[in-house]
Student: 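Please find one structure pasted underneath; my questions will follow.
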Amino acid sequence: MKGDTGMGATNICGVIWKNPVTTAAGTFSYRESVKYYDPSALGAITTKGVSPTPWKGNPLPRIAETPAGMLNAVGLENPGVDDYIENELATLKKQGLVVVANVAGHQVEEYCQVAEKLSATDVDMLELNVSCPNVAEGGLAFGTDPKAVAEVVTAVKSRTRKPVIVKLSPNVADVVGIAQAAEAAGADALSLINTLVGMRLDLATGRPILANGTGGLSGPAVKPVAVRMVYQVSRAVGVPVIGMGGIMTGEDAYEFLLAGAVAVAVGTAALLDPAAPARIVRELEAAVEKYGAPRRGA
Amino acid sequence: MKARHEARIVENVPEGAGTNASDGMVRMTLHAPEVAREARPGQFVNLYPRDGRLLLPRPLGIADADEGAGTVTLYYVVVGEGTRALASLAGGDRVELLGPNGNGYDLAAAGRNVLLAGGGTGLPPLLYAAKRLREAGAPATITAAAGFRTTPLLTDRLAQSCDTVFTVTETDRAASVRTSGATSEPLALMGNVIDLLDAVGAPEGVTGCLACGPAPMLKALAAWCASRSIPLQVSLEARMGCGYGACVGCTIDTAHGRRKICADGPVFGAGEVTWA
Ligand SMILES: Cc1cc2nc3c(=O)[nH]c(=O)nc-3n(C[C@H](O)[C@H](O)[C@H](O)COP(=O)(O)OP(=O)(O)OC[C@H]3O[C@@H](n4cnc5c(N)ncnc54)[C@H](O)[C@@H]3O)c2cc1C
Ligand SMILES: Cc1cc2nc3c(=O)[nH]c(=O)nc-3n(C[C@H](O)[C@H](O)[C@H](O)COP(=O)(O)O)c2cc1C
Ligand code: FES
């Protein structure tokens with residue numbers, strides 16, 4: 001089967017992915033990325049954060065380079081859930097893809113509104129972004145407090161029957177505590193990590209390069225942090241964990257599976273090489289052949 | 001399918017007399033047949049420095065493409081780590097690239113009497129536009145106005161495809177000239193492209209303007225052209241995370257809603273851009 005990693009299909013909360021590789025939210029374009037690879041090579045397509053109404057995001061510049069990584073402060077610019085359902089989701093579902101919709105909001109009620117609208121569609125899963133560092137309210141504010149995470153997860157779960165993945169922030173002292181709070185509130189799966197809050201200054205002006213001041217760090221620079229968090233969280237919860245953060249190759253992906261993830265997402269790598277997600281599926285297959293089916297270390 | 005791929009560097013040499021790669025402009029010619037076949041003026045390529053620290057694309061405007069030879073030519077100024085790494089490469093080395101990216105200028109819409117307006121590193125795409133306009137044979141005249149902070153770059157190359165090239169710098173009155181064919185005459189001007197255009201006036205019967213340069217220049221030029229009813233196409237710039245439309249790092253407001261500079265642009269009608 002095309003896209004088969006040699007590990008068979010992966011069942012995540014009752015949804016069958018034909019292999020354990022998806023796109024990381026915010027790094028796939030249904031119009032542009034598909035010019036570089038066939039998205040049906042992946043287990044699932046995870047789309048960019050979508051809010052109840054269109055969001056304009058942050059002013060430019062939104063991107064800055066850092067050693068072996070990048071900072072972004074896009075601020076969840078998106079056309080809103082209605083436009084998403086009519087255009088992006090419809091296009092992807094017409095191609096028979098498994099689609100995970102990344103959900104954003106400023107308040108609990110906004111997450112719920114998006115979840116409710118998506119419930120009436122053929123989207124396969126929801127991923128709650130309670131960990132975006134680039135919006136003033138909501139996002140990260142929820143993801144750093146176990147009580148707030150529990151509140152938003154409970155509320156969303158009461159308004160949708162779709163499987164709900166909760167996306168965790170690395171910008172916390174105790175990621176396991178947050179993960180357990182999300183699981184207790186009804187999360188069907190967890191995904192991590194979102195970006196790490198960072199900053200770069202312009203040497204000539206002394207001011208931050210990003211118009212937003214801070215941004216989210218992603219790419220190979222964050223991988224060891226991500227592997228560590230996936231390792232800790234997957235041992236502390238019973239629900240499936242989707243791992244991401246700096247995956248550039250199939251061997252990187254394999255490392256996340258060893259750490260305890262049942263699936264992985266490719267983000268920054270796809271910005272640098274548009275076909276990276278499909279390449280990583282093939283490389284992961286080779287890694288499995290070389291090292292065997294991933295066994296979780298002791 | 002289009003893909004990020006390796007290309008052989010044919011040549012990577014300092015451009016302009018008395019400059020060296022570390023502080024001047026570099027001309028890079030790449031053997032990239034697929035890019036050369038598709039390239040339109042106003043499009044760009046992503047170059048990726050061969051350095052594990054530097055991951056992001058360096059977008060560079062296509063300054064020439066030769067389908068027969070399978071080559072693409074770029075001109076870049078060494079401004080930071082990435083362009084420095086690129087400048088250290090030599091003919092025979094390989095570099096990774098993705099392209100051609102973006103939409104490019106609509107040359108037909110520019111009409112028969114075209115004004116090209118460029119500032120600084122905005123010149124490269126105009127070189128290619130001038131060449132294609134000349135090859136197409138349609139334009140009656142091509143006039144270029146080029147502005148620089150200190151040192152004129154590429155104006156001699158521009159003059160090869162243009163009827164007239166006006167050059168101005170912000171620091172040297174003696175550097176301002178009007179070039180037509182082999183003849184140059186001093187203009188005795190100092191300032192930016194708009195100052196230059198104010199001084200020499202719009203070319204007679206101008207049907208359209210193609211521009212590339214820093215945002216403040218393009219904004220001022222938009223007003224200048226609008227007040228003279230000259231249709232203007234501008235090529236915009238932004239820090240890019242992907243350069244092909246996936247990261248939403250480069251969007252602007254337009255009359256048709258949010259648009260990505262890298263994928264929907266970099267060329268926009270000046271009238272559709274919401275100028276900040
Ligand atoms: C569509 C487009 C076409 C361009 N064409 C040319 C050209 O033909 N010739 C030329 O000399 N320059 C051109 N530039 C600007 C060129 O991309 C930058 O000068 C270059 O990326 C700087 O890289 P660096 O690593 O040396 O600088 P650094 O400042 O070290 O780069 C750090 C990061 O910022 C980005 N960056 C820095 N300056 C710019 C800039 N002005 N615009 C966009 N990104 C920037 C870099 O790509 C990199 O990701 C173009 C830019 C765009 C958007
Ligand atoms: C440009 C960009 C946009 C992103 N947008 C979102 C988003 O909309 N929702 C979300 O949950 N995460 C978003 N992320 C985070 C990624 O999905 C991912 O968690 C993170 O980048 C780490 O993975 P990576 O190193 O492979 O990129 C974004 C990341 C980047 C670089
Ligand atoms: S630079 Fe990524 S969308 Fe334009």
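Chain A is the first sequence line, chain B the second, and so forth, proteins listed ahead of strands; every chain is numbered from 1.
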Student: Kindly give the heavy-atom pair with the smallest separation between B:Gly241 and A:Leu271, and that separation in Å.
Tutor: O-CB, 3.8 Å
Student: Where on A:Phe28 is there a heavy atom nearer than 4.5 Å to chain B: the side chain, the backbone, both, or neither?
Tutor: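 When you check distances to chain B, only backbone atoms of A:Phe28 fall under 4.5 Å.
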Student: Hey, which of A:Pro274, A:Pro79, A:Ala275 has the most heavy atom pairs under 4.5 Å with chain B?
Tutor: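 Maximum pair count with chain B is reached by A:Pro274.
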Student: Looking at A:Glu32 and B:Lys2, is there a salt bridge between them, counting it only when a charged N and a carboxylate O are closer than 4.0 Å?
Tutor: no
Student: Decide side chain to side chain contact (heavy atoms under 4.5 Å, CB included) for A:Ser29 and B:Tyr244; before the verdict, give the C-alpha distance in whole Å, the side-chain angles of both, and the deciding distance to 0.1 Å.
Tutor: CA-CA 9 Å; A:Ser29 159; B:Tyr244 73 90; 5.9 Å; no
Student: What do the steps show when you test A:Asp273 against B:Glu96 for side chain to side chain contact (heavy atoms under 4.5 Å, CB included), and what is the final call?
Tutor: CA-CA 10 Å; A:Asp273 174 0; B:Glu96 294 217 12; over 6 Å; no
Student: Restricting to non-hydrogen atoms, name the atom on A:Tyr36 and the atom on B:Asn101 that form the minimum distance, rounded to 0.1 Å.
Tutor: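 Where A:Tyr36 meets B:Asn101 most closely, the heavy atoms are OH-OD1, 4.2 Å.
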Student: Most heavy-atom pairs under 4.5 angstrom with chain A, which of B:Asp51, B:Leu98, B:Asn46?
Tutor: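 Answer, by heavy-atom pair count under 4.5 Å with chain A: B:Leu98.
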Student: Can you say whether A:Leu60 sits under 4.5 Å from chain B via the side chain, the backbone, both, or neither, judging by heavy atoms?
Tutor: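 Side chain only.
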Student: Quick check for you: among A:Pro61, A:Ala276, A:Ala68, which has the greatest number of heavy-atom pairs under 4.5 Å with chain B?
Tutor: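 If we count pairs closer than 4.5 Å to chain B, A:Ala68 comes out on top.
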Student: Looking only at side-chain N and O atoms, does A:Thr66 offer a donor or acceptor that is under 3.5 Å from a partner on B:Arg53?
Tutor: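 Note: B:Arg53 and A:Thr66 side chains miss the donor-acceptor criterion.
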Student: Heavy-atom count check: over 12 atoms from other residues, nucleotides or ligands less than 6.0 Å from A:Gln95 CD?
Tutor: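 Yes, enclosed.
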Student: To the nearest 0.5 Å, what is the distance between OG1 on A:Thr268 and CG on B:Leu55?
Tutor: 8.5 Å
Student: With side chains defined as the heavy atoms from C-beta onward, is the minimum distance between B:Arg58 and A:Glu65 less than 4.5 Å?
Tutor: yes
Student: If you count heavy-atom pairs under 4.5 Å with chain A, which of B:Met240, B:Arg239, B:Arg258 comes out on top?
Tutor: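 Most heavy-atom pairs within the cutoff with chain A belong to B:Arg258.
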Student: Relative to chain B, which segment of A:Lys48 carries a heavy atom at a distance below 4.5 Å: side chain, backbone, both, or neither?
Tutor: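 Side chain only.
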Student: Tell me, yes or no, whether the heavy-atom count around B:Arg149 atom CZ, taken from other residues, nucleotides or ligands under 6.0 Å, exceeds 12.
Tutor: no
Student: Please identify, among B:Cys242, B:Ala246, B:Gly243, the residue contributing the most non-hydrogen atom pairs under 4.5 Å to chain A.
Tutor: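 Sorted descending by pairs with chain A, the first entry is B:Ala246.
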Student: Taking the side chain as everything from C-beta on, heavy atoms only, tell me whether B:Thr251 gets closer than 4.5 Å to A:Arg62.
Tutor: yes
Student: Could you give me the CA-CA distance, side-chain angles and deciding distance for B:Met1 and A:Lys35, then say whether side chain to side chain contact (heavy atoms under 4.5 Å, CB included) is met?
Tutor: CA-CA 7 Å; B:Met1 265 188 185; A:Lys35 295 176 183 167; over 6 Å; no
Student: With heavy-atom distances below 4.5 Å as the criterion, would you say the side chains of B:Cys247 and A:Ile63 are in contact?
Tutor: yes
Student: Under the side chain to side chain contact (heavy atoms under 4.5 Å, CB included) test against B:Val248, which residue among A:Leu76, A:Asn72, A:Asn78, A:Val74 passes?
Tutor: A:Val74
